[in-house]
Visitor: 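Here's a structure for you.
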Amino acid sequence: MPRFAANLSLLYNDVDFLDRFAAAARDGFRAVEFLFPYAYAPAQLAALLQAHGLQQVLFNAPPGNWEAGERGIACIPGREAEFRNGMAQAVKYALTLGCPRIHVMAGLVPQGADASTVRNTYIANVRYAARLAARLAAPHGIHILLEPINGRDMPGFFLNRQDQAHALLAEIAEPNVKVQMDLYHCQIVEGDLATKIRQYLPTGNIAHFQIAGVPERHEPDVGELNYSYLFQLLDSLGWDGWIGCEYRPARGNAPHGTSDGLGWLKPWLQADVN
Ligand SMILES: O=C(O)C(=O)[C@H](O)CO
Ligand SMILES: [Mg+2]
């Protein structure tokens, strides 16, 4: 049965970040994810998770200079030392938060960069991240996730397609590297979601899903996708992992805008309880 995690970077923006844990728990979520924890001490976040009975299921490694437009540095030649420092910090947070997954954003391809150098840099960096996470988080380990992201939202992003991610994963050849399949991005880039889920889920190489309506990135019941069908498909294929709710509520930052838009989730939360 699919289980749903609230993405606290996009949901509950009507309240301060630290108050979003309580808001998510009140709405019935048992797990959360967010982009970046680094503005807060890990112990402070761990205390909030515990106080509200929540699991942390995903966050991102440091992405470079986000405010300046960077979207990860894993593919950028010359940034290896910064990448390694960022991974050490991310693993430290993951251990304190009890989080089993870290998303490593690939980054924007630098203008004029040689394509094979960029690809090799990405492979070497992800391999380094995987080995570091496996070593520091033994015996349970931490999965390092690769997420294809659509080039309309992030022009120039290195990793766009599912087949590209799975080919890279095969080449990286570290058992704790997996794909984060965001169905919103996948629909925009390539479509044919049910077939792609049927193709890739049985490989065991998907460790997390994310969802949003397409094209507005609102609630999953707003837009061109039939998520009920896709959730049932995931269920029928035995997926009992997490699905991150990574969307911008249609009511924006209006008070209770996130909670008011959760009608689509109710049957699934109920099923989760039974
Ligand atoms: O954009 C997404 O879909 C993500 O999951 C990244 O982590 C943040 O941009
Ligand atoms: Mg995503």
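What you see is a predicted model; the values in this text were computed from it and never measured. Note that these values count all heavy atoms, side chains included, but never hydrogens, waters or copies made by symmetry. Counting starts at 1 for both ligands and their atoms, following the listed order.
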Visitor: Should we say atom NE2 of His256 is surrounded by more than 12 heavy atoms from elsewhere, each under 6.0 Å from it?
Guide: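 No, not enclosed.
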Visitor: Please determine whether a side-chain nitrogen of the Lys or Arg among Arg119 and Glu171 lies less than 4.0 Å from a carboxylate oxygen of the Asp or Glu.
Guide: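 Result for this pair is yes, salt bridge flagged.
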Visitor: Answer side chain, backbone, both or neither: which part of Arg217 comes under 4.0 Å from ligand 1, heavy atoms only.
Guide: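 Answer for Arg217: side chain.
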Visitor: Under a 4.0 Å heavy-atom limit, does His103 contact ligand 1 with its side chain, its backbone, both, or neither?
Guide: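 Side chain only; the backbone of His103 stays clear of ligand 1.
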Visitor: Do any N/O/S atoms of Gln210 come under 2.8 Å of the Mg ion (ligand 2)?
Guide: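 Coordinating: yes.
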Visitor: Run the contact test for Gln180 against ligand 1 with a 4.0 Å cut-off on heavy atoms, strictly below, and give the result.
Guide: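 Per 4.0 Å heavy-atom rule, Gln180 contacts ligand 1.
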Visitor: Side-chain heavy atoms nearer than 4.5 Å, only ILVMFWY residues, links allowed to pass through others: does that put Trp239 and Tyr200 together?
Guide: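 Yes, Trp239 connects to Tyr200 through the hydrophobic network.
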Visitor: Kindly assign one of parallel, tilted or perpendicular to the pair Trp268 and Phe231, based on the angle between their ring planes and the thresholds 30° and 60°.
Guide: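 Perpendicular.
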Visitor: Please list, in number order, the atoms of ligand 1 under 4.0 Å from a heavy atom of Asp182.
Guide: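 Ligand 1 atoms under the 4.0 Å threshold to Asp182: 3 (O).
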Visitor: Of all the N, O or S atoms in Asp182, which one sits nearest to the Mg ion (ligand 2)?
Guide: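 For Asp182, the N, O or S atom at the smallest distance from the Mg ion (ligand 2) is OD2.
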Visitor: In this structure, which one of Glu33, Gln180, His103 forms a side chain to side chain donor-acceptor pair (under 3.5 Å) with His208?
Guide: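 The passing option is Glu33.
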Visitor: Which atoms from ligand 1 have a heavy atom of Leu35 less than 4.0 Å away?
Guide: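 In order of numbering, the contacting atoms are 8 (C).
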Visitor: Regarding Asp182 and Arg217, does a basic nitrogen lie under 4.0 Å from an acidic carboxylate oxygen?
Guide: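 Counted as a salt bridge, because a side-chain N and a carboxylate O are separated by less than 4.0 Å.
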Visitor: Quick one: do Val214 and Val189 end up in the same hydrophobic cluster if we chain Ile, Leu, Val, Met, Phe, Trp and Tyr together by side-chain heavy atoms under 4.5 Å apart?
Guide: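 Different clusters.
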Visitor: Decide whether the shortest distance between a heavy atom of Glu33 and an atom of ligand 1 is less than 4.0 Å.
Guide: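 No, Glu33 has no heavy atom closer than 4.0 Å to ligand 1.
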Visitor: Please could you name the atoms of ligand 1 that His185 approaches to less than 4.0 Å, counting only its heavy atoms?
Guide: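 Selected atoms, number and element: 1 (O), 2 (C), 3 (O).
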Visitor: Inspect the contact between Asp240 and Arg3 and indicate whether a charged nitrogen and a carboxylate oxygen are less than 4.0 angstrom apart.
Guide: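 Salt bridge between Arg3 and Asp240, a charged N being under 4.0 Å from a carboxylate O: no.
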Visitor: Report the nearest protein non-hydrogen atom to atom 9 (O) of ligand 1: residue, atom name, distance rounded to 0.1 Å.
Guide: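 Scanning the protein heavy atoms, the shortest distance from atom 9 (O) of ligand 1 goes to Met154 CE, 3.3 Å.
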Visitor: Go through ligand 1 atom by atom and flag the ones less than 4.0 Å from a non-hydrogen atom of Asn60.
Guide: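 Under 4.0 Å from Asn60, ligand 1 has these atoms: 6 (C), 7 (O), 8 (C).
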Visitor: Of all N, O or S atoms in Glu246, which has the smallest distance to the Mg ion (ligand 2)?
Guide: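 This turns out to be OE1.
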Visitor: Which residue and non-hydrogen atom of the protein lie closest to atom 6 (C) of ligand 1, and at what distance in Å?
Guide: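 Its nearest protein heavy-atom neighbour is Glu147 OE1, 3.5 Å.
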Visitor: Please check if atom CD in Gln44 has more than 12 non-hydrogen atoms from other residues, nucleotides or ligands closer than 6.0 Å.
Guide: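 Count over threshold, so yes.
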Visitor: Looking at Glu147, which of its N, O or S atoms is the nearest one to the Mg ion (ligand 2)?
Guide: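 This turns out to be OE2.
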